[in-house]
Number of protein chains: 2
Amino acid sequence: MINEQAITSADKTFFLLRRDIVEGEIPSGAKLSETELSTKYAVSRAVIREAINRLESCRLVERKANIGARVVALTPQGLVELYEVREALEGMAARLAARNMTDQEIADLNALLNQHFQEVKGGESYYQEAGDVDFHYRIIQGSKNQHLTNMLTNGIYHLVRMYRVQLGMAGPRVTTAFDEHRHIVQAICNRDEELAEMLMRRHITYSRKNIEQKLAAQAGSNRRQQA
Amino acid sequence: MINEQAITSADKTFFLLRRDIVEGEIPSGAKLSETELSTKYAVSRAVIREAINRLESCRLVERKANIGARVVALTPQGLVELYEVREALEGMAARLAARNMTDQEIADLNALLNQHFQEVKGGESYYQEAGDVDFHYRIIQGSKNQHLTNMLTNGIYHLVRMYRVQLGMAGPRVTTAFDEHRHIVQAICNRDEELAEMLMRRHITYSRKNIEQKLAAQAGSNRRQQA
DNA sequence: GATGTCTATATTGTCGACACTTTCCCTCGG
DNA sequence: CCGAGGGAAAGTGTCGACAATATAGACATC
């Protein structure tokens, strides 16, 4: 979907590290030792440093001078902050998409939605991950705003995915999210910027509350386990 | 105001380079040769590379593998895109500030505004640069959202400044902007999130239109000069 | 026993050299 | 005269080594 191709060795290492961090193979909060990683990925420390720098600009790791880099900690607070930013940016993306998407692009988006509908009806619930991402990605692209697109796809998107994966979001909210998607596309189709933004913001707010609930439930079960 | 202190040599080089780019000493669109810069700033290429990487995450330069880095081009299109992002993020910041600022912080903000008012009345019009930045910075901080704050102060802010400096914005819009600031603070004081966000977005939209006008005027005079 | 200091160790920051890619220009063939 | 091919030349990517800084542990002191 997102077409990234590695040219340099640093690119490859960056992609590998990013995947390992997002998937949780390198756990949240872990220290990233340059020497250790350079042996593990069989590249020089310079390459590792470059990769870590890029991970830092994605906000997936935090670096301190002379101390080192750690994978970001996943906290309820951080999740809320992330979704607040996402609400602002994707809301604007929906507004701009309503203004700037071509009729053809909107038609394609509708077709995608119908396809998802068939899949959901057929009982496939992989919708959440692939379909949801695909939907949001198209609207982001539809904004035709390069800044916005980069911020969301290079930065925030991977962090959102990290939260989802590591908190085990396989949850429901599939069909309701589908309806919300439909209404957003309808607003874009009507070139109603105001409504498109509002619906997208609500959609993201709902999504946030959904995740917060699970987070709270999980925290509860953890407490019970510890007791 | 923004308290950044350089620890490593890469930090210092990054700050120097950023200043030179924002102020236009290294012109927009210029190529950043690593070897050249390493002699100019008297550091190794590794340091320059690290600095350039950070400039890239600020979106002040664009890098291509095996080709090199260039200072971003300043275009009317890019300005519009930048302000659209700014509108989304600072609008959200104002909303969150209305929710999260302490009464003390709001009181301080009001005091700052009164001080600015005295200065404006006294005919000092340096307001635009220092005062405006200070005002926006406090609201961004007031959002208490670390993500948002980093995005705005580390990334977008410097780009905005680059446009302003290099397009020669010493312009008017001082007193009107001041009134807009007052209304925003009033909304925050009333804890009216909705209004605070709306007013901030309008404020930024006005500011954008103001710059766009100047940009158009400047383009016009350029055409006349060339003719 | 707690605290502070000093040394040893490990890790990050910086450097110069080499490998690879791109670019430019010169030559050759049409 | 123009386009294709083939080297230098310049620039970026990668590497291993050294320097500077932080961490951990032992030891002395209060």
Side-chain angles (χ1 to χ4, degrees), chain A residues 3-21 25-73 150 154, chain B residues 3-21 25-73 150 154:
Chain A
N3 201 10
E4 296 174 314
Q5 57 180 351
I7 298 177
T8 69
S9 161
D11 291 338
K12 266 179 288 193
T13 309
F14 167 61
F15 293 145
L16 288 175
L17 264 173
R18 189 180 62 186
R19 181 176 55 94
D20 289 349
I21 288 174
E25 191 156 331
I26 300 176
S28 159
K31 183 166 192 325
L32 295 176
S33 161
E34 294 180 1
T35 50
E36 191 181 323
L37 292 175
S38 78
T39 62
K40 178 175 174 185
Y41 291 91
V43 288
S44 79
R45 264 186 60 220
V47 171
I48 295 290
R49 278 176 73 84
E50 169 126 9
I52 288 181
N53 275 330
R54 291 199 220 167
L55 290 170
E56 192 189 14
S57 30
C58 297
R59 302 177 194 287
L60 287 173
V61 312
E62 287 169 353
R63 250 185 84 190
K64 287 180 185 171
N66 284 315
I67 292 178
R70 308 192 84 87
V71 179
V72 291
N150 278 337
N154 294 337
Chain B
N3 202 9
E4 295 174 315
Q5 57 179 350
I7 298 176
T8 68
S9 162
D11 291 338
K12 267 179 287 194
T13 310
F14 167 61
F15 292 144
L16 289 175
L17 264 173
R18 188 179 64 186
R19 181 177 53 94
D20 289 349
I21 288 173
E25 190 156 330
I26 300 176
S28 158
K31 182 164 192 325
L32 294 176
S33 161
E34 294 180 2
T35 50
E36 191 180 322
L37 291 175
S38 79
T39 61
K40 179 175 174 184
Y41 291 91
V43 288
S44 78
R45 266 185 60 219
V47 172
I48 295 291
R49 278 176 74 83
E50 169 126 8
I52 288 180
N53 275 330
R54 291 200 221 166
L55 289 169
E56 192 189 14
S57 28
C58 297
R59 301 177 195 288
L60 288 172
V61 313
E62 287 168 353
R63 248 186 83 190
K64 288 180 184 170
N66 284 314
I67 293 178
R70 308 192 83 88
V71 179
V72 291
N150 278 337
N154 294 335

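Worth saying up front: this structure is predicted, and the values here are computed from it rather than measured. Proteins come first, then strands; the chains are lettered A, B, ... in the order of their sequence lines, and each starts at number 1.
The side chain of A/Arg49 has C/dG13 as its nearest neighbour among C/dT11, C/dG13, D/dT12. With distances taken from any side-chain atom of B/Ile67 to the nucleotides D/dC15, D/dA22, C/dT22, the minimum falls on C/dT22. Closest to the side chain of A/Asn66, from the set C/dG13, C/dC15, D/dT14, is C/dG13.
A/Arg70 contributes a side-chain N or O that, together with a main-chain N or O of A/Gly29, makes up a donor-acceptor pair within less than 3.5 Å.
Counting any heavy atom pair closer than 4.0 Å across all strands shown, A/Ile48 reaches no nucleic acid atom.
Looking only at side-chain heavy atoms (C-beta outward), A/Arg59 and B/Asn150 come within less than 4.5 Å of each other. B/Val47 is not listed as a side-chain neighbour of B/Glu50, based on a closest heavy-atom distance of 4.5 Å or more. No side-chain heavy atom of A/Gln5 sits less than 4.5 Å from a side-chain heavy atom of A/Asp11.
When all heavy atoms of B/Arg54 and B/Ala10 are compared, the pair lying nearest together is NH2-CB, 3.8 Å.
A/Lys31 has a side-chain polar atom (N or O) that falls below the 4.0 Å cut-off from OP1 or OP2 of C/dT12. Side-chain nitrogen and oxygen atoms of B/Ser44 include at least one within less than 4.0 Å of the OP1 or OP2 phosphate oxygen of C/dC15. Applying the 4.0 Å criterion to OP1 and OP2 of C/dT14, one finds that B/Ser9 has a side-chain N or O inside that range. Residue A/Arg70 places none of its side-chain N or O atoms closer than 4.0 Å to OP1 or OP2 of C/dT11. B/Arg63 has a side-chain polar atom (N or O) that falls below the 4.0 Å cut-off from OP1 or OP2 of D/dG13.
Between the side chain of B/Arg45 and the base of D/dG11, no donor-acceptor pair of N or O atoms lies under 3.5 Å.
Per the geometry, CG belonging to B/Asn53 stands 14 Å off C1' belonging to D/dT14, to the nearest Å. Rounded to an integer number of Å, the gap from A/Glu50 CD to C/dG13 C1' is 16 Å. As rounded to whole Å, 12 Å separates atom C1' of D/dA10 from atom CD of B/Glu36. At whole-Å resolution of the value, OH in A/Tyr41 and P in D/dT14 are 16 Å apart. When rounded to the nearest whole Å, the span between CD of A/Glu34 and P of D/dT21 equals 16 Å. Distance, B/Asp11 CG to D/dA20 C1': 14 Å, rounded to whole Å. Going from atom NZ of B/Lys64 over to atom P of D/dT12 covers 14 Å, rounded to whole Å. For the pair A/Ile7 CD1 and C/dT21 P, the computed distance is 12 Å after rounding to whole Å.
Between B/Ala42 and A/Thr35, the residue whose closest nucleotide on DNA chain C is further toward the 5' end is A/Thr35.
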